[in-house]
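Both counts, for ligands and for their atoms, begin at 1 and track the order of listing. Each residue takes its place number in the sequence, starting with 1.
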Amino acid sequence: MKLILAVVQDQDSNRLSQALMENNFRSTKLASTGGFLRAGNTTFMIGTDDIRVDKALQVIKDSCKSRDQLVAPVSPMGGNADSYVPYPVEVQVGGATVFVLPVENFMQF
Ligand code: 2BA
């Protein structure tokens with residue numbers, strides 16, 4: 001068994017939830033925050049048999065888009081002025097950031 005952790009943009013989270021359900025995957029959604037943009041995103045926990053991992057990854061790929069996002073400059077007040085960028089910077093976010101972890105035990109009580 002594997003645990004898939006997928007960090008996706010909030011805009012894609014309903015579509016992904018729906019697609020996972022339609023393909024008989026069980027999932028848990030966690031509200032999360034990206035360390036860089038400090039904006040909300042959604043982390044899915046998906047526990048699945050090894051043979052279904054590729055299918056789950058395909059569902060995630062099909063449901064999540066990458067988007068460009070502007071990062072507002074952060075004031076140097078109290079910080080390091082050397083690294084201050086006075087204009088917004090564009091970064092490409094997503095589609096999805098995915099980790100696949102081995103599961104030692106799966107229990108439900
Ligand atoms: P954030 O940390 O808010 O990052 C949003 C986007 O900002 C990233 O998109 C990337 O394009 C850019 N970015 C992040 N750190 C950067 C840096 N030090 N310098 C320049 N640009 C940077 P993605 O790579 O698609 O990541 C989307 C979200 O996935 C991240 O949101 C974070 O929540 C999660 N994530 C990405 N890599 C991760 C990792 N190695 N471990 C845990 N979470 C990760």
Side-chain angles (χ1 to χ4, degrees):
M1 186 174 202
K2 295 282 193 284
L3 177 67
I4 300 173
L5 291 180
V7 185
V8 310
Q9 294 177 69
D10 287 343
Q11 296 98 306
D12 295 323
S13 103
N14 282 343
R15 187 180 20 247
L16 179 56
S17 264
Q18 189 70 33
L20 288 168
M21 224 147 44
E22 281 165 10
N23 287 279
N24 290 315
F25 288 105
R26 294 189 180 194
S27 69
T28 299
K29 266 165 70 170
L30 306 170
S32 44
T33 305
F36 186 69
L37 294 180
R38 293 174 203 165
N41 51 29
T42 305
T43 300
F44 282 79
M45 292 172 48
I46 307 158
T48 188
D49 290 332
D50 289 23
I51 52 161
R52 300 203 67 216
V53 167
D54 286 346
K55 177 66 187 172
L57 296 178
Q58 193 59 51
V59 170
I60 295 167
K61 212 171 171 180
D62 292 345
S63 304
C64 301
K65 298 188 186 113
S66 74
R67 296 179 183 87
D68 292 332
Q69 212 159 307
L70 281 178
V71 184
V74 180
S75 153
M77 293 273 288
N80 182 357
D82 294 342
S83 59
Y84 177 59
V85 184
Y87 46 84
V89 178
E90 201 167 63
V91 293
Q92 194 183 61
V93 187
T97 299
V98 181
F99 304 85
V100 180
L101 291 78
V103 173
E104 198 170 296
N105 273 312
F106 170 67
M107 281 160 275
Q108 287 180 306
F109 298 109

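For ligand 1, residues of the protein lying within 4.0 angstrom by heavy-atom distance are V7, G34, G35, F36, L37, N41, V91, Q92, V93, G94, T97, F99.
In the hydrophobic clustering, where aliphatic and aromatic side chains (Ile, Leu, Val, Met, Phe, Trp, Tyr) are joined below 4.5 Å either directly or transitively, I60 groups with I4, V8, L16, L20, F25, F44, I46, V53, L57, V59, V98, V100.
Under 4.0 Å is where a charged nitrogen must lie from a carboxylate oxygen, and between R52 and D49 no such pair does.
For the 3.5 Å distance criterion, the side chains of N41 and S32 qualify, holding a donor opposite an acceptor. Side chain to side chain, D54 and Q58 fail the donor-acceptor criterion of an N or O pair below 3.5 Å.
For Q11, the side chain to side chain contact (heavy atoms under 4.5 Å, CB included) partners at least two apart in sequence or on another chain are Q9, R67. Scored by the side chain to side chain donor-acceptor pair (under 3.5 Å) test, K55 finds no partners at all (sequence neighbours excluded).
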